Amino acid sequence: MKIINVCDYATEIMKKLKKGILITTKKDDKVNTMTISWGHLGIEWNIPIFVCYIRKSRHTYSMLDTAEFTVNIPLKNTSVKEITTFCGKNSGKNVDKIAALDLHLVNGQKVCVPAIKELPLTLECKVIHTQVQDSSKLPHTIQDHFYPLDATGKPDNHVLFYGQIVQAYIVE
């Protein structure tokens, strides 16, 4: 494991985010991962932060009780399209994605959530703030496209999870 300065990899992380990376959670002994392509990397409150957007309807949302997650990012030209596609189309409620894809977990250093060897650039995060997105304040074109109404007539808004990056490394 090679400890890194997250700022040295900011460009790589943002380029990969656009194509799809994984957010991994753990509750009890169950590990779940999901694909995301929305997020922020930056400095807030003078600390390094990764913000991920998770809808309340997602299984991953219910797994964030531990208030810890890892961000799992492929390096350079590594193709993980099969992994990110599968993890984006399947819910952890119905399938153990880790087993189905034969992914290799590596114990977290400062959080209880593991890294994924196949996506070796890892950010370990502890949630320090959450915020429900208010889609009613967005332009109608965005509301209509990204926030359709659920069965109760309410939009399925995202919750922003502000994760303090407590460790960053590359799994070797």
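Heads up: numbering here begins at 1 and tracks the sequence. Here the structure is a predicted model, which is why all the values come from computation and not from measurement.
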List the steps, then state whether side-chain contact (heavy atoms from CB on, under 4.5 Å) holds for E118 with L101. CA-CA 10 Å; E118 289 77 8; L101 292 167; over 6 Å; no
Run the side-chain contact (heavy atoms from CB on, under 4.5 Å) check on T122 and T24 step by step: do they pass? CA-CA 10 Å; T122 302; T24 303; over 6 Å; no
Step-by-step side-chain contact (heavy atoms from CB on, under 4.5 Å) determination, L123 to I73: CA-CA 9 Å; L123 309 178; I73 306 143; 4.2 Å; yes
Could you give me the CA-CA distance, side-chain angles and deciding distance for I23 and F161, then say whether side-chain contact (heavy atoms from CB on, under 4.5 Å) is met? CA-CA 11 Å; I23 293 292; F161 288 88; over 6 Å; no
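The shortest side-chain heavy-atom distance between I21 and P74 falls under the 4.5 Å cut-off. Here the side chains of K126 and V111 are in contact, with some heavy-atom distance below 4.5 Å. Contact annotation: the side chain of V6 approaches that of I13 to within less than 4.5 Å [non-hydrogen atoms, C-beta and beyond].
Within the 3.5 Å criterion, the main-chain N or O of K30 finds no donor-acceptor partner in the side chain of D28. In this structure, E124 contributes its side chain and Q109 its backbone to a donor-acceptor pair below 3.5 Å. The backbone N or O of L138 lies less than 3.5 Å from a partner atom in the side chain of Q143, making a donor-acceptor pair. Side chain of K97 to main chain of C87: a donor-acceptor pair is present (N/O by atom type, distance under 3.5 Å, no hydrogens or angles). Side-chain N or O atoms of N32 include none that pairs as donor or acceptor with a backbone N or O of T25 at under 3.5 Å.
H158 and W38 have tilted rings, their planes meeting at an angle from 30° to 60° on a 0 to 90° scale. Using bins of under 30°, 30° to 60° and over 60° for the plane-to-plane angle, the ring pair W45/H129 lands in the perpendicular bin.
Distance check: K27 NZ to L64 CG gives 9.5 Å after rounding to the nearest 0.5 Å. Summarising the geometry, atom CZ belonging to F146 is positioned 9.0 Å from atom OG1 belonging to T141; distances are rounded to the nearest 0.5 Å. The CD1 atom of I36 sits 4.0 Å away from atom CZ of F50, with the distance rounded to the nearest 0.5 Å. Residue E68 holds its CD atom at 4.5 Å from SG of C112, rounded to the nearest 0.5 Å. Taking NZ from K26 and CD1 from I98, the interatomic distance works out to 11.5 Å, rounded to the nearest 0.5 Å. Here T84 contributes atom OG1 and K89 contributes atom NZ; the two are 10.0 Å apart, rounded to the nearest 0.5 Å.
Crowding of N107 atom CG: a count of heavy atoms from other residues, nucleotides or ligands under 6.0 Å not exceeding 12. The environment of K56 atom NZ is sparse: at most 12 non-hydrogen atoms of other residues, nucleotides or ligands sit within 6.0 angstrom. For E82, the CD atom is loosely surrounded, since the number of other residues' heavy atoms within 6.0 Å does not exceed 12.
Linking Ile, Leu, Val, Met, Phe, Trp and Tyr whenever their side-chain heavy atoms come within less than 4.5 Å leaves L41 and V51 in two separate clusters. In terms of hydrophobic clustering, with Ile, Leu, Val, Met, Phe, Trp and Tyr side chains grouped at heavy-atom distances under 4.5 Å, V31 and V80 are assigned to a common cluster. Under a hydrophobic-cluster definition in which Ile, Leu, Val, Met, Phe, Trp and Tyr are linked whenever side-chain heavy atoms come within less than 4.5 Å, directly or via other members, L105 and I83 are assigned to the same cluster. Linking ILVMFWY residues whenever their side-chain heavy atoms come closer than 4.5 Å, directly or via other members, places V166 and V113 in the same cluster. Y169 and V106 fall within the same hydrophobic cluster, where Ile, Leu, Val, Met, Phe, Trp and Tyr residues are linked whenever their side-chain heavy atoms come under 4.5 Å apart, directly or through other members.
The closest side-chain donor-acceptor pair between H40 and Y162, if any, does not fall under 3.5 angstrom.
Residues H59 and S91 share a closest heavy-atom pair of CB-OG, 3.8 Å. For the residue pair R58 and I54, the shortest heavy atom distance occurs at CB-CG2, 4.1 Å. Across all non-hydrogen atoms, the minimal contact from G163 to C125 is CA-CB, 3.9 Å. Nearest heavy atoms, I43 versus P48: CD1-CA, 3.9 Å. Shortest non-hydrogen contact noted between G39 and L17 is O-CD2, 3.5 Å. Taking every heavy atom of both residues into account, K117 and E172 meet most closely at CE-O, 4.1 Å.
With L22 as reference, I116 is the one residue of I116, T70, V71 to meet the side chain to side chain contact (heavy atoms under 4.5 Å, CB included) rule.
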